[in-house]
Amino acid sequence: MPRACTWLGGLAMIWLSASAAAFSVPDGPPAFELDHTLVQTSLLTRHFSPDPEHTNQQDLVSVELHNPDRWLAGAAWFKNSFDQPTWYFYAGREFPLGQLGDNINVRAKLTGGLLRGYKDEFRDKIPFNRYEIAPALLPSVGIQWGRVESDLIVFGTAGMMITAGVRF
């Protein structure tokens with residue numbers, strides 16, 4: 001094997017090991033120590049299969065509490081795709097992906113929780129919503145620049161939302 005391939009293979013293994021460590025879960029439960037609070041709102045929503053019944057104006061307001069180990073808990077209020085007031089209560093974790101500069105960080109986030117607000121004729125528009133409360137799992141990728149953050153959140157096969165917020 002050429003020397004360059006061995007060298008590149010070694011670098012790839014170091015990078016993969018470092019990346020895997022970023023996604024590792026700590027041994028014990030998360031600490032109840034507050035590192036920062038994130039307040040966000042929605043900027044843009046797009047549905048993957050637009051429907052005349054859908055609205056793309058969600059008016060989201062969310063508050064997340066983050067601890068030093070990158071665990072978080074939050075609550076969000078927004079208007080769902082059918083203009084109904086909806087709540088999402090959740091917990092999750094951030095995963096660092098890298099830095100673009102001295103003060104610019106890229107990260108992924110995964111949250112899971114309960115969604116309440118899809119009612120009446122729209123109750124069956126989300127899975128497992130038998131009692132008008134459904135489980136939800138939302139992955140996102142985001143960027144943090146100082147105290148300002150922005151996320152691209154994918155909500156299942158339905159669509160995506162871009163948010164922006166400020167850390168306190």
Distance from [X] atom [atom1] to [Y] atom [atom2], nearest 0.5 Å?
X	Y	atom1	atom2	answer
N80	T45	CG	OG1	11.0 Å
I133	R130	CD1	CZ	13.5 Å
Q40	S62	CD	OG	4.0 Å
H36	Q144	NE2	CD	7.0 Å
N105	N103	CG	CG	7.0 Å

Do [X] and [Y] sit in one hydrophobic cluster, given that two such residues count as connected whenever their side-chain heavy atoms are within less than 4.5 Å of each other, even indirectly?
X	Y	answer
V154	L97	yes
L38	W87	no
I162	V106	yes
V61	V166	no
V148	L65	no

Are [X] and [Y] side-chain neighbours, meaning at least one heavy-atom pair lies under 4.5 Å?
X	Y	answer
N56	R46	yes
D151	R107	yes
K125	S81	no

Quick one: list whatever passes side chain to side chain contact (heavy atoms under 4.5 Å, CB included) with K79, sequence neighbours left out. D59, W77, D83
For W71 and G92, which heavy atoms make the closest approach, and how far apart are they? CE3-O, 3.3 Å
Indicate the atoms forming the closest heavy-atom contact of H54 with S49, along with that distance.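 Taking every non-hydrogen atom into account, CE1-O, 3.6 Å.
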How would you list all residue pairs meeting salt bridge (charged side-chain N to carboxylate O under 4.0 Å, His left out) that involve residues 156-168, not counting sequence neighbours?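 Residue pairs with at least one partner in residues 156-168: E149-R167.
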Say whether, by atom type as modelled, one donor and one acceptor occur between the side chain of [X] and the main chain of [Y] under 3.5 angstrom.
X	Y	result
N67	D69	yes
N129	R123	yes
T111	A91	no

Given a cutoff of under 4.5 Å between side-chain heavy atoms of I, L, V, M, F, W and Y, with clusters grown through shared members, what are the other residues clustered with F82? L60, L72, F78, Y88, Y90, L115, Y118, F122, I126, L138, I153, F155, M161
Just one of E33, E94, E64 clears the salt bridge (Lys or Arg N to Asp or Glu O under 4.0 Å) bar with R70, so which one?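 With R70 as partner, salt bridge (Lys or Arg N to Asp or Glu O under 4.0 Å) holds for just one option, E94.
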